[in-house]
Visitor: 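Would you mind keeping the following structure in view while I ask a few things?
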Amino acid sequence: MRITESNVAKHILKSVTNELGSIYFFNHIAVIEFNEGTHIDIDTSQDFFQSLESYFGKSRPFGVVTNRVHSYSVKLLDIDLFRQKSRNICAYAVVGHDPASLMNAEIENNFCHSSNINFDNLYEAMNSVYSRVKGKLLKTLN
């Protein structure tokens, strides 16, 4: 299910679309839906990182949910570079909708510092990410 077809679509505050896909912004979360067949690496994703920084800034904690409604590839060796590019991402999840995307999410999970990033339900992924961001925000305020 695309985020725009979900019950949370009315809460989207902003969206940005480019040749890689779309980012949908909420208060503390960005949901990313990459286009079919795109390849995501540190070089091709520069516009996405600029959009994230423009919306969340350089220090405000936020989370990202990648909604795998299409098939795409990720250069897993760039994951550390992704983290360096946006240090205020404090939670991440991948939503798979079919066996192949669930398998890819499981592989991504092995390369991430966070555990249990893969979900088969968009709402559960958003709740998990929001809870982790909220925890980080509370620690930041104290």
Side-chain angles (χ1 to χ4, degrees), residues 1-35 38-142:
M1 165 185 14
R2 294 179 55 86
I3 191 76
T4 55
E5 300 163 349
S6 73
N7 292 337
V8 297
K10 62 186 174 197
H11 300 289
I12 296 170
L13 301 174
K14 178 183 177 180
S15 64
V16 174
T17 300
N18 67 24
E19 65 278 352
L20 291 180
S22 299
I23 305 175
Y24 301 93
F25 293 97
F26 297 84
N27 280 330
H28 304 293
I29 299 173
V31 175
I32 300 175
E33 295 178 348
F34 292 113
N35 291 333
T38 57
H39 177 68
I40 311 305
D41 63 26
I42 197 66
D43 297 320
T44 61
S45 59
Q46 292 303 314
D47 288 345
F48 270 45
F49 282 107
Q50 288 172 353
S51 294
L52 291 169
E53 185 177 311
S54 174
Y55 189 81
F56 292 111
K58 291 185 178 189
S59 60
R60 179 178 157 200
F62 70 96
V64 170
V65 175
T66 304
N67 190 20
R68 276 189 165 268
V69 291
H70 301 292
S71 179
Y72 61 87
S73 63
V74 177
K75 185 175 180 183
L76 294 174
L77 296 177
D78 281 359
I79 286 181
D80 283 337
L81 297 173
F82 293 147
R83 265 194 295 272
Q84 291 172 19
K85 197 78 168 146
S86 192
R87 295 189 183 273
N88 49 329
I89 294 177
C90 62
Y92 178 72
V94 179
V95 181
H97 298 278
D98 57 42
S101 62
L102 289 168
M103 180 187 67
N104 285 325
E106 184 64 34
I107 292 168
E108 283 182 55
N109 188 48
N110 292 325
F111 283 82
C112 290
H113 291 301
S114 300
S115 60
N116 300 324
I117 66 157
N118 49 326
F119 294 85
D120 62 2
N121 180 295
L122 180 60
Y123 302 114
E124 289 175 11
M126 291 181 74
N127 273 339
S128 175
V129 167
Y130 178 73
S131 294
R132 287 184 271 160
V133 171
K134 186 176 172 185
K136 180 70 170 180
L137 286 169
L138 291 174
K139 286 179 186 176
T140 303
L141 293 174
N142 290 327

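Every value quoted in this text rests on a predicted model; they were computed, and no experiment measured them.
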Visitor: For His97 versus Val69, what's the shortest heavy-atom pair and its separation?
Guide: NE2-CG1, 3.9 Å
Visitor: Measure across Leu52 and Ala30 and return the closest heavy-atom pair with its distance rounded to 0.1 Å.
Guide: CD2-CB, 3.7 Å
Visitor: Between Arg83 and Tyr92, is a side chain to side chain contact (heavy atoms under 4.5 Å, CB included) present by the stated rule, with each step listed?
Guide: CA-CA 11 Å; Arg83 265 194 295 272; Tyr92 178 72; over 6 Å; no
Visitor: Looking at Tyr72, I'd like to know if the NZ or CZ of Arg68 sits under 6.0 Å from its six-membered ring centre while staying within 45 degrees of the ring's axis.
Guide: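 Because its charged atom sits under 6.0 Å from the ring centre and within 45° of the axis, Arg68 does stack over Tyr72.
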Visitor: Is it the case that the side chain of Ser131 and the backbone of Asn127 share a donor-acceptor pair, with hydrogens and angles ignored and the cut-off at 3.5 Å?
Guide: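 Such a contact is found between Ser131 side chain and Asn127 backbone.
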Visitor: I'd like to know if the side chain of Ser51 reaches the main chain of Asp47, judged simply by a donor and an acceptor atom lying under 3.5 Å from each other, with no hydrogens or angles considered.
Guide: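 Checked: pair present.
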Visitor: Measuring only between side-chain heavy atoms, which start at C-beta, is Glu33 closer than 4.5 Å to Arg2?
Guide: yes
Visitor: Would His11 and Asn27 count as a side chain to side chain donor-acceptor pair (under 3.5 Å) here? Give the steps.
Guide: CA-CA 9 Å; His11 300 289; Asn27 280 330; over 6 Å; no
Visitor: Return the CD1 to CD1 distance between Ile23 and Ile12, rounded to the nearest 0.5 Å.
Guide: 12.5 Å
Visitor: Indicate yes or no for a side-chain donor-acceptor contact from Thr44 to the backbone of Asp41 under 3.5 Å, with no hydrogens or angles considered.
Guide: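 Present.
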Visitor: State the CD1-CD1 distance between Ile89 and Ile29, to the nearest 0.5 angstrom.
Guide: 12.5 Å
Visitor: Does Asn7 offer a backbone N or O that forms a donor-acceptor pair with the side chain of Tyr123 under 3.5 Å?
Guide: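 At least one qualifying donor-acceptor pair exists.
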Visitor: As a test of understanding, state which of Val94, Ile3, Val64 forms a side-chain contact (heavy atoms from CB on, under 4.5 Å) with Ile32.
Guide: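 For Ile32, the side-chain contact (heavy atoms from CB on, under 4.5 Å) test succeeds with only one of Val94, Ile3, Val64, which is Val64.
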Visitor: Check step by step if side chain to side chain contact (heavy atoms under 4.5 Å, CB included) holds for Phe119 and Val65.
Guide: CA-CA 10 Å; Phe119 294 85; Val65 175; over 6 Å; no
Visitor: Ring centroids only, cut at 6.0 angstrom: are Phe34 and Phe48 within range, meaning strictly under it?
Guide: yes
Visitor: Taking all atoms of both residues into account, what is the closest heavy-atom pair of Met126 and Val31, and its distance?
Guide: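 Reported closest heavy-atom pair: CE-CG2, 4.1 Å.
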Visitor: Tell me, with the steps shown, if Glu53 and Lys85 meet side chain to side chain contact (heavy atoms under 4.5 Å, CB included).
Guide: CA-CA 9 Å; Glu53 185 177 311; Lys85 197 78 168 146; over 6 Å; no
Visitor: Heavy atoms only: give me the nearest Glu19-Thr38 pair and the separation to one decimal.
Guide: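 So the two residues come closest at O-CG2, 4.1 Å.
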Visitor: Kindly indicate whether the side chain of Val8, heavy atoms from C-beta on, has any atom under 4.5 Å from the side chain of Phe26.
Guide: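 The answer is yes, as the side chains (C-beta and beyond) meet within the 4.5 Å cut-off.
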Visitor: Any sub-3.5 Å donor-acceptor pair from Asn88's side-chain atoms to Arg60's backbone N or O?
Guide: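 Indeed, once roles are kept as given, a pair shorter than 3.5 Å links the two residues.
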Visitor: Could you measure the distance from the CG atom of Asp98 to the OG atom of Ser71? Nearest 0.5 Å is fine.
Guide: 8.0 Å
Visitor: Using the ring of each side chain (for Trp, its six-membered ring), is Phe56 parallel, tilted or perpendicular to Phe62, with breaks at 30° and 60°?
Guide: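 Judged by the thresholds at 30° and 60°, the geometry between Phe56 and Phe62 is parallel.
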Visitor: Heavy atoms only: give me the nearest Lys75-Phe82 pair and the separation to one decimal.
Guide: O-CE1, 4.3 Å
Visitor: Check step by step if side chain to side chain contact (heavy atoms under 4.5 Å, CB included) holds for Gln84 and Leu81.
Guide: CA-CA 5 Å; Gln84 291 172 19; Leu81 297 173; 4.0 Å; yes
Visitor: Could you tell me which non-hydrogen atom of Ala125 sits nearest to which non-hydrogen atom of Val95, and how far apart they are?
Guide: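 Smallest heavy-atom distance, with atoms named: CB-CG2, 3.4 Å.
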